[in-house]
Asks: 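The structure's right below; bear with me while I get my questions together.
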Amino acid sequence: MTCISNKKNNTRIFVCGLAIASLFFLFPQKAYAENPNAQTDKKSAGVQGIADLDPIKTTPQKFIGRIIKGALGIVGTVALVMMLYAGIKWILAGARGG
């Protein structure tokens with residue numbers, strides 16, 4: 001009898017915890033991350049930082065930095081996928097016995 005009541009109790013705790021955790025996703029808080037001077041500043045009416053992407057006005061240092069940043073992003077993504085694949089393979093190796 002104690003095992004059955006313990007399973008019911010664990011289920012209730014799980015459901016209550018899930019309900020409380022879902023409140024964080026159902027009622028998210030607002031993030032005020034805009035420039036407080038956006039209404040008064042005429043320059044900030046457009047997209048900030050778009051001038052940095054102009055290939056004519058870009059310095060070689062910024063251009064090389066962008067290439068390195070993109071390459072590191074791709075390498076990091078590939079490394080993450082490889083680690084996930086290896087972890088899944090390692091876990092399943094124990095289940096199959098080899």
Side-chain angles (χ1 to χ4, degrees):
M1 276 299 212
T2 59
C3 293
I4 295 172
S5 65
N6 193 13
K7 287 183 181 179
K8 286 182 182 179
N9 194 17
N10 286 342
T11 305
R12 286 182 188 154
I13 291 172
F14 176 74
V15 170
C16 290
L18 189 63
I20 291 171
S22 67
L23 292 176
F24 289 108
F25 296 105
L26 293 175
F27 303 107
Q29 297 293 321
K30 293 181 182 179
Y32 299 103
E34 68 180 51
N35 184 3
N37 299 324
Q39 287 81 16
T40 60
D41 191 10
K42 295 289 184 184
K43 283 182 155 181
S44 64
V47 177
Q48 297 264 338
I50 197 75
D52 292 338
L53 298 177
D54 187 11
I56 296 173
K57 295 180 183 177
T58 302
T59 63
Q61 293 87 359
K62 286 184 180 180
F63 181 71
I64 293 171
R66 263 193 244 127
I67 290 174
I68 292 172
K69 186 176 179 182
L72 286 176
I74 292 170
V75 169
T77 304
V78 169
L80 177 67
V81 169
M82 287 176 61
M83 283 195 301
L84 288 173
Y85 174 71
I88 291 170
K89 203 170 172 185
W90 187 25
I91 290 170
L92 293 178
R96 287 187 247 149

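Heads up: numbering here begins at 1 and tracks the sequence.
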Asks: What's the separation between atom CD1 in Ile88 and atom CG in Leu84, rounded to the nearest 0.5 Å?
Replies: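 Going from the CD1 atom of Ile88 to the CG atom of Leu84 covers 6.0 Å.
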
Asks: For the CD1 atom of Ile13 and the CG atom of Leu18, what is their distance to the nearest 0.5 Å?
Replies: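 These two atoms lie 13.5 Å from each other.
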
Asks: Hydrophobic cluster membership, with links at side-chain heavy-atom distances under 4.5 Å among I/L/V/M/F/W/Y: are Trp90 and Met82 in one?
Replies: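 Shared cluster, no.
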
